[in-house]
Q: 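One structure, pasted below without further comment.
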Amino acid sequence: FRPFITARLAEIEQELASLEESTEAIAPDVSIGRLSRLDSMQHQQMALAGKQRLEEERSRLVAAEFRIEEGTYGTCLLCENDIAAERLEYQPDAVTCVPCAQRKK
């Protein structure tokens with residue numbers, strides 16, 4: 001799973017770099033209409049939310065890399081059983097097995 005995690009981290013870094021401009025504050029002295037300003041602010045908020053989701057995913061993937069280094073990757077943090085490979089393929093940053101995840105809900 002390490003190559004997939006490394007590749008996804010590189011993708012996230014690229015996506016975050018591309019979001020930099022769209023998350024910058026809109027200067028009040030920029031001459032645009034009221035509706036255009038509201039539209040720009042809405043796009044900025046959506047970009048900020050996307051940036052936050054990407055940063056959270058990056059943190060989880062970095063933690064997964066750490067667990068790989070530790071030798072605990074793929075082990076449920078709650079019951080210490082193995083996490084199914086299918087779950088790790090779908091969500092490589094998973095820290096719990098499916099039964100424990102369902103119990104947490």
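The model shown is predicted, which means the values in this text are computed figures rather than measured ones.
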Q: Which atom names give the shortest non-hydrogen contact between Ala64 and Pro92, and what distance separates them?
A: CB-O, 3.9 Å
Q: At their closest point, which heavy atom of Leu16 faces which heavy atom of Glu55, and how far apart are they?
A: CD2-CG, 4.0 Å
Q: Which pair of heavy atoms, one from Arg87 and one from Cys97, lies closest together, and at what distance?
A: NE-C, 4.0 Å
Q: Return the CG to SG distance between Asn81 and Cys100, rounded to the nearest 0.5 Å.
A: 7.5 Å
Q: Output the distance between atom CG (Leu9) and atom CZ (Arg2), rounded to the nearest 0.5 Å.
A: 11.0 Å
Q: State, yes or no, whether a side-chain contact exists between Arg67 and Thr75 at a heavy-atom distance under 4.5 Å.
A: no
Q: How long is the span from the CD1 atom in Ile12 to the CD1 atom in Ile5, to the nearest 0.5 Å?
A: 10.5 Å
Q: Distance check, rounded to the nearest 0.5 Å: Arg53 atom CZ versus Glu57 atom CD?
A: 10.5 Å
Q: How about Glu89 and Phe1: do any of their side-chain heavy atoms sit closer than 4.5 Å?
A: yes
Q: Please report the closest heavy-atom contact between Ala101 and Thr96, naming both atoms and the distance.
A: CB-OG1, 3.6 Å
Q: So, do Gln52 and Leu48 sit near enough that their side-chain heavy atoms are less than 4.5 Å apart?
A: no
Q: How long is the gap from CZ on Arg8 to CD on Glu15, to the nearest 0.5 Å?
A: 5.0 Å
